[in-house]
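Below: one structure, written as structure tokens.
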There are 2 protein chains.
Amino acid sequence: MARSQTTKKPTRIQREKTRSILEAALDVFSERGFRGSTLDMIAERASLSKPNILYYFDSKEAIHKALLAELLQTWLAPLHGIDEAGDPIEEICGYVAQKLKMAQEFPRESKLFANEVLQGAPHILGEIQGELKALTSEKARVVSEWIKAGKIAAVDPYHLFFSIWATTQHYADFDIQVRTVLGDEAEGANPFETAGPFLDNMYRKLLNPAS
Amino acid sequence: MARSQTTKKPTRIQREKTRSILEAALDVFSERGFRGSTLDMIAERASLSKPNILYYFDSKEAIHKALLAELLQTWLAPLHGIDEAGDPIEEICGYVAQKLKMAQEFPRESKLFANEVLQGAPHILGEIQGELKALTSEKARVVSEWIKAGKIAAVDPYHLFFSIWATTQHYADFDIQVRTVLGDEAEGANPFETAGPFLDNMYRKLLNPAS
DNA sequence: ACAATACTTGACCATATAGTCAAAAAATAT
DNA sequence: ATATTTTTTGACTATATGGTCAAGTATTGT
């Protein structure tokens with residue numbers, strides 16, 4: 001029986017092949033989008049035959065879903081870290097730095113997520129309505145408390161998060177545009193490196209309560 | 001001979017049908033991406049037969065290219081408006097407001113562009129390397145002058161533009177996420193409306209020279 | 001009215017691609 | 001060693017889809 005329909009403890013081969021497939025699929029999906037990707041491309045990149053891939057996953061869509069499920073946890077992790085008891089400005093700027101770092105280290109995941117949401121989040125709308133919404137709502141409450149306590153300037157917490165998500169992921173999702181505009185001619189600086197101080201400065205000014 | 005290969009002055013029917021097709025294609029492409037869209041979908045939405053569509057455009061790709069060409073002009077227009085002689089903060093905040101308004105009024109164009117750039121801009125890399133890069137570079141120079149003159153705070157002009165593009169287009173491109181997180185339950189407020197003041201405030205604080 | 005031109009389409013074709021299957025090969029258990 | 005289970009794959013099918021074409025219909029110019 002196909003591995004993908006079994007419930008027993010996975011063997012070493014199963015773990016390894018499943019990993020290879022997800023790794024290859026992340027490459028392909030993030031570059032070409034779900035519909036622009038074919039099982040043959042994934043198979044080739046994973047050095048497996050197409051039927052072999054379908055032995056481990058029931059369908060192309062199943063691979064995609066598995067990736068998105070992993071992804072969302074990665075995506076949400078930094079948000080969990082915002083600590084109500086910490087220094088508000090450091091907490092938020094730390095979050096910005098972490099999101100930027102994730103965009104730099106996991107650009108494929110960022111693009112996969114962007115692709116999915118752009119098309120109306122057909123596969124993870126449920127999770128967005130659930131986990132993401134709940135967590136954002138909770139952290140928005142924390143920001144509101146900080147504002148009430150006069151620790152940071154009064155800004156809309158939701159738009160604060162949106163702007164952080166937008167600015168940080170922009171460097172991964174629109175990297176071609178960013179690199180082109182900055183000049184591909186290897187002017188040395190990595191966009192992520194120079195974006196760090198810019199964003200840090202922007203959010204410190206935005207949140208500084210003494211204004 | 002097929003209209004699409006002719007050079008004569010277009011007739012009324014040609015203008016109308018071409019418009020219908022581009023309109024329908026913008027709907028479909030922006031919702032599903034280039035590869036996720038089929039000529040049949042475009043044909044149906046335009047109330048035309050598939051061969052009829054191919055009478056006006058040589059290929060699916062030709063439709064896409066035509067859309068992107070129009071699009072880029074729309075996209076760049078607000079940037080042209082930044083006036084070196086104007087008040088720096090008003091110029092930039094005006095630009096932000098205009099970009100936000102365009103995201104609100106032309107979400108399909110924004111998504112089409114996002115889709116294209118996400119996949120590495122295969123069809124408009126040339127234009128990005130040309131027009132977009134040149135114009136951005138010129139306006140970055142203007143911002144630098146303002147900084148040198150002490151009229152606005154010192155920030156990286158390129159990252160300033162990136163952050164403006166990212167934050168404004170985010171509301172169009174990621175609208176499902178934005179609306180979901182804010183609560184679909186029609187809590188009244190339109191995300192674009194509430195984003196306006198937030199972004200205006202953010203950029204005024206960022207650029208305020210007295211800090 | 002008549003010809004010339006522009007437009008439209010049903011019926012195709014060629015190709016790409018997700019997914020199947022039976023049989024072989026490899027790994028594992030006894 | 002042998003039986004059992006897991007893994008692998010060549011050959012295949014069904015369908016979707018971009019694009020063609022010849023034959024028709026409508027429009028326009030004279």
Side-chain angles (χ1 to χ4, degrees), chain A residues 1-29 31-68 119 122-123, chain B residues 1-29 31-68 119 122-123:
Chain A
M1 184 196 241
R3 213 318 103 182
S4 51
Q5 288 160 29
T6 290
T7 50
K8 285 185 200 160
K9 166 164 148 271
T11 67
R12 179 186 51 81
I13 288 180
Q14 284 155 20
R15 260 180 287 111
E16 285 177 6
K17 292 286 161 79
T18 309
R19 253 304 112 215
S20 302
I21 293 169
L22 288 175
E23 181 62 24
L26 180 55
D27 262 12
V28 179
F29 283 144
E31 269 174 23
R32 333 218 0 168
F34 179 72
R35 312 221 186 216
S37 306
T38 70
L39 284 175
D40 286 310
M41 292 175 192
I42 297 171
E44 192 183 358
R45 202 157 318 194
S47 302
L48 294 173
S49 66
K50 180 164 66 172
N52 203 0
I53 282 187
L54 290 166
Y55 172 73
Y56 291 101
F57 288 90
D58 287 338
S59 64
K60 180 184 169 186
E61 190 148 341
I63 305 175
H64 194 240
K65 271 193 178 160
L67 279 174
L68 285 174
Q119 325 265 309
H123 302 106
Chain B
M1 185 196 241
R3 209 332 83 185
S4 51
Q5 288 160 26
T6 289
T7 49
K8 284 185 198 160
K9 165 165 148 272
T11 68
R12 178 185 53 80
I13 288 179
Q14 283 156 21
R15 262 179 287 111
E16 286 177 5
K17 293 286 160 76
T18 309
R19 254 302 113 214
S20 302
I21 293 168
L22 288 174
E23 181 63 22
L26 179 55
D27 262 12
V28 178
F29 283 145
E31 269 172 24
R32 331 221 357 171
F34 179 73
R35 310 220 187 216
S37 306
T38 71
L39 284 175
D40 286 309
M41 291 174 193
I42 297 171
E44 192 184 356
R45 202 158 316 195
S47 303
L48 294 173
S49 67
K50 181 165 65 170
N52 203 0
I53 282 187
L54 290 166
Y55 173 73
Y56 290 101
F57 289 90
D58 287 338
S59 64
K60 180 185 170 187
E61 190 148 341
I63 305 175
H64 195 239
K65 272 196 177 158
L67 279 174
L68 285 174
Q119 325 266 309
H123 302 105

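It should be emphasised that the depicted structure is a prediction, and the values quoted were computed from it without experimental measurement. Here is how names work: the chains are called A, B, and so on, in the same order as the sequence lines, proteins then strands, and each is numbered from 1.
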Exercise. For side-chain contact (heavy atoms from CB on, under 4.5 Å), just list the numbers for A:K60 and A:F29, CA-CA rounded to whole Å, side-chain angles, deciding distance to a tenth of an Å, and then say yes or no.
Key: CA-CA 11 Å; A:K60 180 184 169 186; A:F29 283 144; 4.1 Å; yes
Practice problem: Quick one: closest heavy-atom pair of B:L22 and B:L67, and the distance? | Solution: O-CD2, 3.6 Å
Quiz prompt | More than 12 heavy atoms from other groups under 6.0 Å of CD on B:E16 | solution = yes
Practice problem: To the nearest 0.5 angstrom, please state how far the CD1 atom of A:I63 sits from the OH atom of A:Y56. | Solution: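 The distance works out to 12.5 Å.
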Exercise. State the CG-OG distance between B:N52 and B:S47, to the nearest 0.5 angstrom.
Key: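 Here the interatomic distance stands at 11.0 Å.
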[X] has an atom [atom1]; how far is it from atom [atom2] of [N], in whole Å?
{"X": "B:F29", "N": "D:dG18", "atom1": "CZ", "atom2": "C1'", "result": "12 Å"}
{"X": "A:E16", "N": "C:dA27", "atom1": "CD", "atom2": "P", "result": "12 Å"}
{"X": "B:E44", "N": "D:dT17", "atom1": "CD", "atom2": "C1'", "result": "15 Å"}
{"X": "A:I21", "N": "D:dT9", "atom1": "CD1", "atom2": "P", "result": "11 Å"}
{"X": "B:R35", "N": "C:dA16", "atom1": "CZ", "atom2": "P", "result": "13 Å"}

Quiz prompt | Residue met sooner reading DNA chain C from 5', once A:D40 and B:S47 are mapped to nucleotides | solution = B:S47
Quiz item: Nucleotide by nucleotide, 5' to 3', does protein get under 4.0 Å of the base (B), only the sugar-phosphate (S), or neither (-) in nucleotides 19-24 of chain C, counting heavy atoms?
Solution: BBB---
Quiz item: If we only count heavy atoms from C-beta on, is the A:E61 to A:F34 side-chain gap below 4.5 Å?
Solution: yes
Practice problem: Please tell me which of the listed nucleotides, D:dT6, C:dA18, C:dT9, lies nearest to the side chain of B:N52? | Solution: C:dT9
Please determine whether a side-chain nitrogen or oxygen atom of [X] lies at a distance below 4.0 Å from atom OP1 or OP2 of [N].
{"X": "B:Y56", "N": "C:dT8", "value": "yes"}
{"X": "A:Q14", "N": "D:dT7", "value": "yes"}
{"X": "A:Y55", "N": "D:dT8", "value": "no"}

